[in-house]
Amino acid sequence: MKLEANFMDFKYKVAELLSEASGISSSDLIEKIEIPPQRELGDYAFPCFVLSKSLRKAPHQIAGDLAANPILQAPFLEKVQQVGGYVNFFIKKGEYVKEVLSEVLFEGEQYARSSEGEGKTVLVEFSSPNIAKPFHVGHAFTTVLGHSISRIYEKLGYPVVRMNHLGDYGTQFGKLITAFRLWGDVDALHEAPIKELLRIYVKFHDEEKKNPDLTLRARENFRLLESGNEAEVNLWNEFRELSLKEFALIYDRLGVRFDNYNGESYYSDKIPAVVDMLNEKGLLIESEGAKVVMLDEYKLPPCIILKSDGTTIYASRDIAAALYRYDTYHFHKNIYVVGTPQALHFRQVFSVLDKAGYTFSKDCVHVGFGLVKFADMKFSTREGNIIVLDDLLKESVAKTYDIIKANAELRNTGMSESEIREISEKVGIGAVIYTFVKSGRERDIVFSWDEMLDFEGDTAPYLIYTYARSRSILRKAAEQGIFPAPPESESLLLLSTEEEFAVTRLIAEMPDAIKRAAQSYEPFMIARQTSQIARAFNRFYNNTSILNGTDLHEKEARLALCSAVCTSIAIGTNLLGIDIVERM
RNA sequence: GGGUCUAUAGCUCAGUUGGAUAGAGCAACAGCCUUCUAAGCUGUGGGUCGGAGGUUCGAAUCCUCCUAGGCUCACCA
């Protein structure tokens, strides 16, 4: 495999030197080379413990011999040192910075892009809210994660298809139709569709307890809907369209879009073929009145395909959907961003596909995520103790607005009202998004207003602020006619302080962070990398005056660093689904 | 009970696939704005990596057992 980026050459070069000195292949060595925990210990290190057996020498002795070997005295190295069982390599910082920044300045927003995914279609199913139900913070988790994972795979060159598997089918629609005919208000429905639908849905459940006849009517209405009766289908369609319209408002604010909204209803007519297929392959077994596929060889409980009343169930729908998707897209990967409570369900579905002989089952991935919950209780639509995403965004944007307004007065920035509103929207929403991608996805999130609306430290506003600050310097410099040093400029060699080097090294690690994020479906790895870049830059910013120096070349070099930082933060935040702003 | 995930600073989390003195952010305390945006920066304190064994040069990381908790285990999705 060819190493893509230039700066990787440094690690590669170190491996080559070591290979020459030790006789071990450089591809084996490159795996072992690591970055020391402390700055004073150098930029790369090679632990010699593994060699001590074959060479029959103590690790520190091997390290000493290697460090003294003249082969390792390369021009790009400042020094090579033995510490304990390690050989530590010190890179000439200016050279390193020049090479990395040249790459970033040259590539711009294309930096860290890869073509590894060319022609390999990746499907990402995410968000998937239920029609007629409020969009709460739990839905935000899958939406934010799925959006980010989609962008990450696109960055690596994969064609991505975003799928919103809407919960738009099932017996609850029989209830909704019944309820709407009894108590529905057409004006209210158009005014605020989900609010009205939820109102009659809750009322239905209350009335149902007193009047069992409602249950029968709901069941009958669902039967009519399923058999394609016009009146019921039209009503269902209207509920669906109006709900989608309302969801679209949220998706627009989050910058999320989908390639299709094929929900459960879309796949329902494809289920009979699945049942036939399983039957023909002799996998369908009658058990306790239901039709199931036994999965003992996978050490899983049986998967129900048909209920004892002959109707379908979500497993059969997911199997039908997977088959349809493979036929349609011949996907390289089929990703489901769905909560971890459904882990078993997906293992069963993938196993049924495997048992039926579909080898693409190994390309199906369930990307689970934790629960969003309060400190003391669970979210529950029925109990009404949910937080609607809209309210959360509103709070966050309002708080951001206050801060920016205050800053605008304090600093006399002359920002217009509309500009302040625009910036608040982006920063406020970014803050909410960030809370979902700042740590490992499988962790539960204990919802707290304080934490959601904390704009200091490791947060989106911090990242955006750092970007805006850096942009501000670049603007000021441009006014003075000073511009960042171009790629390959000798001026870049002047950036050799610890702080400048630290920022650069973190920028250099970004492509690797993106790859690891893709492999593990963990956007937080990008969040962390971006946050580290911002922190390192702020340290530099605080201790170094960028524009007040005396040497023009030095100013240009530092501006180049500002520019590379902006590019990196822009790339990182974009992959998380967060917008940046030029001023704040 | 079976499966599965988790347990790291007061709180929220990382820990690069087994490496050097376990790191960030909040919170606490002490500092830094006549200088490029203080949503920032610097410093201090804070740890039995849930517990006990084991594997080896070396373990927060791998294995076994134990403890506590989350999720889940056939006709909801």
Side-chain angles (χ1 to χ4, degrees), chain A residues 31-32 34-38 41 45 47 49-50 52-53 58-59 83-86 88 128 130 165 167 169-172 264 287-292 299-309 311-315 317-318 338-345 347-348 368 370-371 373 400 403-404 406-407 410-411 413 427 431 435 438-440 442-446 448 450-451 454-466 468-477 509 512-513 516 524-525 528 531-532 534-535 538-548 558-559 562 583-584:
Chain A
E31 306 270 314
K32 298 285 177 194
E34 54 195 56
I35 294 172
Q38 267 93 39
L41 294 171
F49 309 97
V50 277
S52 73
K53 256 184 195 155
V83 178
Y86 292 86
N88 292 335
S128 312
N130 291 322
H165 192 80
Y169 219 57
T171 45
Q172 72 265 30
E264 290 159 18
S287 169
E288 297 174 34
K291 295 276 203 300
V292 306
K299 295 191 169 124
L300 293 173
C303 182
I304 297 186
I305 302 296
L306 290 175
K307 296 189 273 187
S308 42
D309 65 0
T311 57
T312 63
I313 189 168
Y314 55 101
R317 275 172 229 147
D318 275 339
V338 180
T340 47
Q342 293 197 46
L344 177 62
H345 161 69
R347 286 175 66 199
Q348 288 178 302
L371 261 46
K373 55 189 183 186
T400 310
I403 294 172
I404 295 176
N407 281 340
L410 192 73
R411 301 188 196 125
T413 54
V427 175
T435 59
K438 72 184 288 189
S439 45
E442 293 199 359
R443 281 194 180 265
D444 290 344
I445 292 178
V446 178
S448 132
D450 285 346
E451 213 171 304
D454 181 11
F455 293 170
E456 284 165 25
D458 189 15
T459 64
Y462 175 80
L463 301 181
I464 302 170
Y465 176 75
T466 308
R469 242 181 170 185
S470 185
R471 291 292 298 161
S472 170
I473 295 171
L474 289 164
R475 274 195 307 272
K476 286 219 160 84
E509 285 168 7
D512 189 51
R516 292 204 327 271
F524 91 87
M525 292 181 176
R528 185 157 286 269
S531 161
Q532 282 179 4
R535 186 141 285 115
N538 279 322
R539 269 196 268 272
F540 161 71
Y541 173 94
N542 244 268
N543 294 322
T544 314
S545 182
I546 294 162
L547 290 178
N548 295 328
R558 287 177 177 160
L559 286 172
C562 288
R583 303 204 292 166
M584 67 187 276

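Throughout, protein chains are lettered first and strands after them, A, B, ... in sequence-line order, and every chain is numbered starting at 1. In what follows, every heavy atom counts, from backbone to side chain, and hydrogens, waters and symmetry copies are set aside.
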Undergrad: Please state the C1' separation for the pair A22(B) and A60(B) - nearest whole angstrom.
TA: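 Between the two C1' atoms, the distance is 7 Å.
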Undergrad: Using atom C1' of each nucleotide, how far apart are C49(B) and A9(B) to the nearest Å?
TA: 10 Å
Undergrad: At under 4.0 Å between heavy atoms, what does Gln532(A) touch on the DNA or RNA strands: base, sugar-phosphate, or nothing?
TA: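 Answer is nothing: Gln532(A) stays at 4.0 Å or more from every strand.
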Undergrad: Tell me which of Leu300(A) and Arg469(A) sits closer to the 5' end of RNA chain B, going by the nucleotide each one is nearest to.
TA: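 Final value for this comparison: Leu300(A).
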Undergrad: Considering only the C1' atoms, how many Å lie between U64(B) and C76(B), rounded to the nearest integer?
TA: 39 Å
Undergrad: Could you check Phe524(A) against Val50(A) and say which one's nearest nucleotide on RNA chain B is further toward the 5' end?
TA: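 Mapping each residue to its closest nucleotide by heavy atoms, the 5'-most match is Phe524(A).
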Undergrad: Taking the same atom, C1', in U48(B) and in C5(B), what whole-Å distance lies between them?
TA: 24 Å
Undergrad: Does the structure show a Watson-Crick or G-U wobble partner for C62(B), both distances under 3.5 Å? Name it, or say none.
TA: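 When the pairing criteria are applied, G54(B) turns out to be the nucleotide that pairs with C62(B).
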Undergrad: Within the modelled atom types, does a donor on one side and an acceptor on the other bring the side chain of Asp450(A) and the base of A27(B) under 3.5 Å apart?
TA: no
Undergrad: Any N or O donor-acceptor pair linking the side chain of Ser531(A) to the base of A24(B) at under 3.5 Å?
TA: no
Undergrad: How many Å lie between CD on Glu456(A) and P on G40(B), as a whole number?
TA: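 Going from Glu456(A) (CD) to G40(B) (P), I get 5 Å.
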Undergrad: Measuring from the side chain of Asn538(A) (C-beta onward, heavy atoms only), which nucleotide among U37(B), A77(B), G40(B) has the closest atom?
TA: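 Minimum distance to the Asn538(A) side chain belongs to G40(B).
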Undergrad: Counting heavy atoms from C-beta on, name the nucleotide in C73(B), A39(B), C41(B) closest to the side chain of Leu344(A).
TA: C73(B)
Undergrad: With a 3.5 Å limit on both atom pairs, tell me what U34(B) is paired to, counting Watson-Crick and G-U wobble, or say none.
TA: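 Partner of U34(B): none.
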Undergrad: Under the 3.5 Å rule, do the base of A39(B) and the side chain of Tyr465(A) count as making a donor-acceptor pair?
TA: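 In this structure, the two groups form no donor-acceptor pair.
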